[in-house]
*Asks:* 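Next up is a structure, given as structure tokens.
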Amino acid sequence: MPTIIEASYDAKGKSFAIVATRWNEFIVDKLVEGAVDCLTRHGADDKNITIVYCPGSYEIPLVTKKLAASNKYSAVITLGAVIRGATSHYDLVAGAVASGVAQVGMETGIPCLFGVLTTDTIEQAIERAGTKAGNKGFEVAQAAIEMANLIKQL
């Protein structure tokens with residue numbers, strides 16, 4: 001019989017950092033609310049949740065690295081919204097942020113979760129921030145809890 005390792009969604013006793021952008025704040029605020037709701041519903045204490053705001057999504061990897069390298073957090077959750085426009089700016093920012101967050105997790109061994117919406121329209125972003133498509137902030141926080149528990153078991 002194979003060995004199966006699975007993690008729980010128990011956030012008790014764990015600490016989490018949330019990196020959120022001020023750009024597209026009306027969307028990101030809803031993602032932050034969803035993430036905090038998820039963490040506290042699963043047992044995290046408010047005192048163990050730190051929210052750090054940065055200007056935009058491009059700055060997320062650097063802030064994430066500082067937080068992960070501090071070894072104060074069980075996981076770092078990144079939240080932002082990059083919405084496609086008429087220029088190539090979207091592609092440059094979305095790709096850099098995704099790879100930067102992944103790199104930080106690999107370098108530090110701390111789960112760094114990518115919760116940056118990358119959408120074609122504002123409407124799609126709004127749908128993913130708590131309306132038709134659920135709240136992706138809640139979902140990424142749930143993944144952060146699971147990853148924090150999983151990494152601890154390995």
Side-chain angles (χ1 to χ4, degrees), residues 3-11 13-25 27-39 42 44 48-85 87-122 124-130 133-154:
T3 300
I4 298 173
I5 301 171
E6 291 183 290
S8 72
Y9 293 116
D10 182 8
K14 293 183 179 46
S15 58
F16 298 90
I18 298 172
V19 180
T21 65
R22 293 205 184 280
W23 195 258
N24 292 317
E25 196 168 23
I27 293 167
V28 178
D29 283 350
K30 298 294 183 195
L31 298 173
V32 171
E33 287 173 19
V36 171
D37 180 38
C38 177
L39 295 172
H42 287 90
N48 292 332
I49 301 170
T50 301
I51 303 169
V52 179
Y53 287 96
C54 63
S57 292
Y58 195 78
E59 292 77 27
I60 286 174
L62 177 59
V63 175
T64 301
K65 185 171 184 177
K66 293 292 279 187
L67 292 166
S70 75
N71 285 315
K72 294 179 186 175
Y73 303 101
S74 305
V76 180
I77 299 163
T78 64
L79 301 172
V82 181
I83 302 167
R84 189 178 299 279
T87 68
S88 61
H89 183 257
Y90 167 90
D91 298 312
L92 298 171
V93 172
V97 176
S99 64
V101 170
Q103 182 179 348
V104 171
M106 295 296 288
E107 288 175 2
T108 63
I110 301 295
C112 296
L113 288 288
F114 184 74
V116 178
L117 301 179
T118 54
T119 62
D120 290 324
T121 66
I122 290 172
Q124 289 172 341
I126 292 168
E127 287 174 3
R128 287 157 180 76
N135 187 306
K136 300 304 176 189
F138 189 100
E139 292 175 17
V140 77
Q142 194 169 29
I145 297 166
E146 184 176 8
M147 282 299 295
N149 288 319
L150 181 61
I151 292 298
K152 191 174 179 181
Q153 291 182 56
L154 300 177

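Computed over heavy atoms, backbone and side chain alike; hydrogens, waters and symmetry mates excluded.
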*Asks:* Could you tell me if the side chain of Leu31 sits less than 4.5 Å from the side chain of Lys136, heavy atoms only?
*Replies:*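 Heavy-atom side-chain distance check passes, below 4.5 Å.
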*Asks:* Quick check: do Ile126 and Thr121 have side-chain heavy atoms less than 4.5 Å from each other?
*Replies:*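 Ile126 vs Thr121: side chains apart.
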*Asks:* Are any of the side-chain heavy atoms of Met106 and Gln103 separated by less than 4.5 Å?
*Replies:*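 They are not in side-chain contact.
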*Asks:* Below 4.5 Å, heavy atoms only, C-beta onward: do Val19 and Leu67 meet side chain to side chain?
*Replies:*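 Touching, per the 4.5 Å side-chain cut-off.
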*Asks:* Once side chain to side chain donor-acceptor pair (under 3.5 Å) is applied, do any residues pair with Tyr90, and if so which ones, sequence neighbours excluded?
*Replies:*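 Once residues adjacent in sequence are excluded, Tyr90 has no partner under the side chain to side chain donor-acceptor pair (under 3.5 Å) criterion.
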*Asks:* Is the closest side-chain heavy-atom distance between Val52 and Lys66 below 4.5 Å?
*Replies:*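 With C-beta onward as the side chain, the pair stays apart.
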*Asks:* Which atom pair, heavy atoms only, marks the closest approach of Asn149 to Ala7?
*Replies:*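 Heavy-atom minimum between the residues: CB-CB, 3.7 Å.
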*Asks:* OG/Ser57 to CZ/Phe114 distance, rounded to the nearest 0.5 angstrom?
*Replies:*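 Rounded to the nearest 0.5 Å, the OG-CZ separation comes to 7.5 Å.
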*Asks:* Of all heavy-atom pairs between Gly109 and Ile151, which one has the smallest distance, and what is that distance?
*Replies:*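 Residues Gly109 and Ile151, closest heavy atoms: O-CG2, 4.0 Å.
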*Asks:* Enter the distance from His42:NE2 to Glu146:CD here, rounded to the nearest 0.5 Å.
*Replies:*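 Answer for the NE2-CD pair, His42 versus Glu146, is 10.0 Å.
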*Asks:* Going by distance alone, is a donor N or O of one side chain under 3.5 Å from an acceptor N or O of the other, for Tyr9 and Gln142?
*Replies:*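 Note: Tyr9 and Gln142 side chains miss the donor-acceptor criterion.
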*Asks:* Got a second to check how far Glu139's CD is from Arg128's CZ, nearest 0.5 Å?
*Replies:*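 Taking CD in Glu139 and CZ in Arg128, the distance rounds to 10.0 Å.
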*Asks:* Does atom NZ of Lys14 have more than 12 heavy-atom neighbours from other groups under 6.0 Å away?
*Replies:*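 Yes, NZ of Lys14 has more than 12 neighbouring heavy atoms, counting only those of other groups under 6.0 Å.
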*Asks:* Report the C-alpha distance between Ile49 and Ser15 in whole Å, list the side-chain angles of each, state the deciding distance to 0.1 Å, and finish with yes or no for side-chain contact (heavy atoms from CB on, under 4.5 Å).
*Replies:* CA-CA 6 Å; Ile49 301 170; Ser15 58; over 6 Å; no
*Asks:* Rounded to the nearest 0.5 Å, how far does OH of Tyr53 lie from CD of Glu25?
*Replies:*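 Those atoms lie 7.0 Å apart.
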*Asks:* Show the nearest heavy-atom pair for residues Asn24 and Ala81, with the distance to one decimal.
*Replies:*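 For Asn24 versus Ala81, the nearest heavy atoms are ND2-O, 2.7 Å.
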*Asks:* Under the side-chain contact (heavy atoms from CB on, under 4.5 Å) criterion, do Cys38 and Ile145 qualify, and how do the steps go?
*Replies:* CA-CA 9 Å; Cys38 177; Ile145 297 166; 4.2 Å; yes
*Asks:* Decide yes or no for Leu117 and Ile83: does some side-chain heavy atom of the first lie under 4.5 Å from some side-chain heavy atom of the second?
*Replies:*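 A side-chain contact is absent here, since even the closest heavy-atom pair is not under 4.5 Å.
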*Asks:* Under the 3.5 angstrom rule, does the side chain of Glu107 hit a backbone N or O of Val104 as a donor-acceptor pair?
*Replies:*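 It does not hold such a pair.
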*Asks:* Run Val76 and Phe16 through side-chain contact (heavy atoms from CB on, under 4.5 Å) and show every step you take.
*Replies:* CA-CA 6 Å; Val76 180; Phe16 298 90; over 6 Å; no
*Asks:* Just so I know, are the side chains of Val116 and Leu79 near enough to count as touching, which here means a heavy-atom distance under 4.5 Å?
*Replies:*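 Val116 does not reach Leu79 side chain to side chain.
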*Asks:* Which heavy atom of Gly80 sits nearest to which heavy atom of Thr21, and what is that distance?
*Replies:*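 Taking every non-hydrogen atom into account, CA-OG1, 3.6 Å.
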*Asks:* For residues Ala75 and Ala148, report the shortest heavy-atom separation together with the two atoms involved.
*Replies:*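 Shortest heavy-atom separation between Ala75 and Ala148 comes out as CB-CB, 4.4 Å.
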*Asks:* Among Thr64, Leu113, Val140, which residue meets the side chain to side chain contact (heavy atoms under 4.5 Å, CB included) test with Thr78?
*Replies:*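 Looking at Thr64, Leu113, Val140, the match for Thr78 under the side chain to side chain contact (heavy atoms under 4.5 Å, CB included) is Thr64.
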*Asks:* Atom OG of Ser74 and atom CG of Leu39: how far apart are they, to the nearest 0.5 Å?
*Replies:*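 Result: 10.0 Å between the selected atoms.
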*Asks:* Taking atom CD of Gln124 and atom CD1 of Ile27, what is their separation to the nearest 0.5 Å?
*Replies:*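 So the gap between those two atoms works out to 10.5 Å.
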*Asks:* Of all heavy-atom pairs between Ile51 and Val36, which one has the smallest distance, and what is that distance?
*Replies:*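 Smallest interatomic distance, heavy atoms only, reads CD1-CG2, 4.0 Å.
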*Asks:* Side chains of Leu150 and Glu6: closer than 4.5 Å at any heavy-atom pair?
*Replies:*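 No; the side chains remain at least 4.5 Å from each other.
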